[in-house]
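Contents: one structure, followed by commentary.
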Amino acid sequence: MPKSRIRKKDDFTPPPAKQATSISLNSGRRWVAPLMLAMFLIGLAWIVMFYVTTGDMPVESLGNWNIVVGFGFIAAGFVVSTQWK
(Lines give C-alpha, C1' and ligand atoms only; values in the text may rest on other atoms or scores of the structure.)
Protein backbone atom coordinates (compact mmCIF):
# COMPACT_ATOMS: atom_id res chain seq x y z
CA MET A 1 0.00 0.00 0.00
CA PRO A 2 1.46 3.38 -0.91
CA LYS A 3 2.24 5.80 1.85
CA SER A 4 0.24 9.03 1.79
CA ARG A 5 2.00 12.30 1.48
CA ILE A 6 2.13 14.61 4.43
CA ARG A 7 0.61 17.94 3.62
CA LYS A 8 2.30 20.96 5.04
CA LYS A 9 -0.14 23.25 6.81
CA ASP A 10 0.16 26.99 6.62
CA ASP A 11 1.21 28.81 9.76
CA PHE A 12 -1.65 30.22 11.78
CA THR A 13 -2.20 33.92 11.32
CA PRO A 14 -4.57 35.45 13.86
CA PRO A 15 -7.36 37.66 12.53
CA PRO A 16 -6.77 41.39 12.74
CA ALA A 17 -7.74 42.97 16.03
CA LYS A 18 -11.08 44.73 16.03
CA GLN A 19 -11.08 48.36 16.95
CA ALA A 20 -13.55 49.51 19.54
CA THR A 21 -16.29 51.72 18.20
CA SER A 22 -17.63 54.48 20.36
CA ILE A 23 -21.37 54.76 20.84
CA SER A 24 -22.75 58.21 21.40
CA LEU A 25 -25.57 58.12 23.93
CA ASN A 26 -26.23 61.83 23.56
CA SER A 27 -28.20 61.62 20.36
CA GLY A 28 -30.62 64.36 21.38
CA ARG A 29 -33.30 62.04 22.73
CA ARG A 30 -32.68 62.36 26.42
CA TRP A 31 -36.34 63.14 27.02
CA VAL A 32 -37.59 59.73 25.89
CA ALA A 33 -36.68 57.56 28.88
CA PRO A 34 -37.95 59.97 31.57
CA LEU A 35 -41.18 60.61 29.66
CA MET A 36 -41.73 56.90 29.05
CA LEU A 37 -41.24 56.08 32.74
CA ALA A 38 -43.44 58.99 33.77
CA MET A 39 -46.27 57.76 31.53
CA PHE A 40 -45.96 54.23 32.94
CA LEU A 41 -46.01 55.49 36.51
CA ILE A 42 -48.89 57.91 35.96
CA GLY A 43 -50.96 55.14 34.38
CA LEU A 44 -50.15 52.73 37.18
CA ALA A 45 -50.87 55.35 39.86
CA TRP A 46 -54.17 56.24 38.15
CA ILE A 47 -55.37 52.63 38.18
CA VAL A 48 -54.16 51.95 41.73
CA MET A 49 -55.78 55.16 43.00
CA PHE A 50 -59.05 54.17 41.34
CA TYR A 51 -59.05 50.78 43.04
CA VAL A 52 -57.86 51.99 46.45
CA THR A 53 -60.48 54.76 46.67
CA THR A 54 -63.20 52.42 45.34
CA GLY A 55 -63.95 54.72 42.41
CA ASP A 56 -64.08 58.07 44.26
CA MET A 57 -60.81 59.31 42.76
CA PRO A 58 -59.12 60.34 40.35
CA VAL A 59 -62.23 61.37 38.34
CA GLU A 60 -65.44 60.12 39.91
CA SER A 61 -67.68 60.94 36.96
CA LEU A 62 -65.75 58.61 34.63
CA GLY A 63 -66.58 55.56 36.69
CA ASN A 64 -64.93 52.41 35.34
CA TRP A 65 -63.52 54.36 32.40
CA ASN A 66 -60.78 55.43 34.80
CA ILE A 67 -59.19 52.04 34.09
CA VAL A 68 -59.15 52.87 30.38
CA VAL A 69 -57.53 56.22 31.12
CA GLY A 70 -54.83 54.51 33.20
CA PHE A 71 -54.14 51.97 30.46
CA GLY A 72 -54.12 54.85 27.98
CA PHE A 73 -51.23 56.43 29.86
CA ILE A 74 -49.42 53.09 29.88
CA ALA A 75 -50.03 52.65 26.14
CA ALA A 76 -48.73 56.18 25.54
CA GLY A 77 -45.59 55.15 27.44
CA PHE A 78 -45.14 52.25 25.03
CA VAL A 79 -45.64 54.57 22.06
CA VAL A 80 -42.99 56.93 23.42
CA SER A 81 -40.64 53.99 23.97
CA THR A 82 -40.49 53.40 20.21
CA GLN A 83 -38.54 56.67 19.92
CA TRP A 84 -35.76 55.39 22.21
CA LYS A 85 -32.46 54.72 20.45
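Counting from 1, the numbers follow the sequence of the chain as shown.
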Go through the steps to decide whether Phe40 and Phe78 satisfy the test ring-ring contact (aromatic ring centres under 6.0 Å, His included), and finish with yes or no.
CA-CA 8 Å; Phe40 288 155; Phe78 279 113; 5.0 Å; yes

What one should report as the nearest heavy-atom pair of Val80 and Val32 is O-CG1, 3.5 Å

Are Phe71 and Met57 connected in a single hydrophobic cluster, I mean Ile/Leu/Val/Met/Phe/Trp/Tyr linked by side-chain heavy atoms less than 4.5 Å apart?
no

Tyr51, Val69: one ILVMFWY side-chain cluster at the under-4.5 Å cut-off?
yes

Decide whether Leu62 and Ile47 are clustered together by the hydrophobic rule: side chain heavy atoms of Ile, Leu, Val, Met, Phe, Trp, Tyr closer than 4.5 Å, transitively.
yes

Separation of Ile74 CD1 from Leu41 CG (nearest 0.5 Å):
9.5 Å

For Ala76 versus Met39, what's the shortest heavy-atom pair and its separation?
CB-CE, 3.5 Å

Separation of Asp56 CG from Phe50 CZ (nearest 0.5 Å)
9.5 Å

Linked, directly or transitively: Trp31 and Trp84 (ILVMFWY side chains, under 4.5 Å)
yes

Taking the side chain from Trp46 and the backbone from Pro58, do they hold a donor-acceptor pair closer than 3.5 Å?
no

If hydrophobic clusters are built from ILVMFWY residues whose side chains come within less than 4.5 Å, do Phe73 and Ile67 share one?
yes

Approximate separation, where rounding is to 0.5 Å, of Leu44 CG and Leu37 CG
12.0 Å

Nearest heavy atoms of Ser81 and Met36, plus distance in Å:
CB-SD, 3.1 Å

Side chain Asn66, main chain Val59, donor-acceptor under 3.5 Å
yes

